[in-house]
Amino acid sequence: MTTSDAEPRWVDDEAGPVVRPYAMTRGRATAKNRFNVISLVAATRAAPPAEVGIGPEHIRIVGLCQERPLAMAEVAAHLSLPLGTVRVLLDDLLARQLVRITEPEQHSNLPDNRVFEALLNGLRAL
């Protein structure tokens, strides 16, 4: 694909991105870490420009998460990339300490179902 002034295009309007996700991850399909889709991603510092192993997608993730933490699913949506690809990219960033990942809390101390049933019955009685 080329534009009218002979510059290469990295996105084809009909086909989508020309660079496929496996190329962004250097062929890796699975992440070492298991991130939840609602895990919060926060940048710890600005991404260094032109560092070996850091691609434009890595830099975009760090930039997106610079102001406020974003859920991994939000990062994937902003980049229009599959979650699996974003997991691998986050692995790279985590290894370089460019991001911090906060896992969602496990709520093992949720109230008994009877509390919820009583609440629903009370709401229905209104």
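All figures in this text were calculated on a predicted structure; none of them were measured in a lab.
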Please enumerate all residues that pass side-chain contact (heavy atoms from CB on, under 4.5 Å) together with [X], with sequence neighbours excluded.
| X | value |
| --- | --- |
| R45 | P48, L98 |
| L123 | L119, L126 |
| T44 | R100 |
| I38 | N36, P104 |

Requested in this report: Work out which heavy atom in A46 is nearest to a heavy atom in V62; give both atom names and the distance.
Outcome: C-CG1, 4.1 Å
**Report entry** Distance-minimising heavy-atom pair for I61 and L93
**Finding:** CG2-CD1, 3.6 Å
Query raised in the report: Checking side chain to side chain contact (heavy atoms under 4.5 Å, CB included) for the pair I59/I54: CA distance, chi angles, key distance, verdict?
Result: CA-CA 7 Å; I59 293 170; I54 296 290; 3.7 Å; yes
Which atom pairs, donor and acceptor, lie under 3.5 Å between side-chain atoms of residues 71-78 and protein residues at least two apart or in another chain?
residue: E74; atom: OE1; partner: A71; partner atom: N; Å: 2.8

Is the closest side-chain heavy-atom distance between [X] and [Y] below 4.5 Å?
| X | Y | answer |
| --- | --- | --- |
| V37 | R87 | yes |
| L70 | L64 | yes |
| L81 | L89 | yes |

Query raised in the report: R114: what forms a salt bridge (charged side-chain N to carboxylate O under 4.0 Å, His left out) with it, not counting sequence neighbours?
Result: D112
Requested in this report: Would you please name every residue forming a side chain to side chain donor-acceptor pair (under 3.5 Å) with Q66, sequence neighbours left out?
Outcome: none
Query raised in the report: Say you draw a straight line from CG of L40 to CZ of R68; how long is it, rounded to the nearest 0.5 Å?
Result: 10.0 Å
Query - Reported CG-to-CD distance for the pair L90 and E57, which is rounded to 0.5 angstrom - result: 12.5 Å
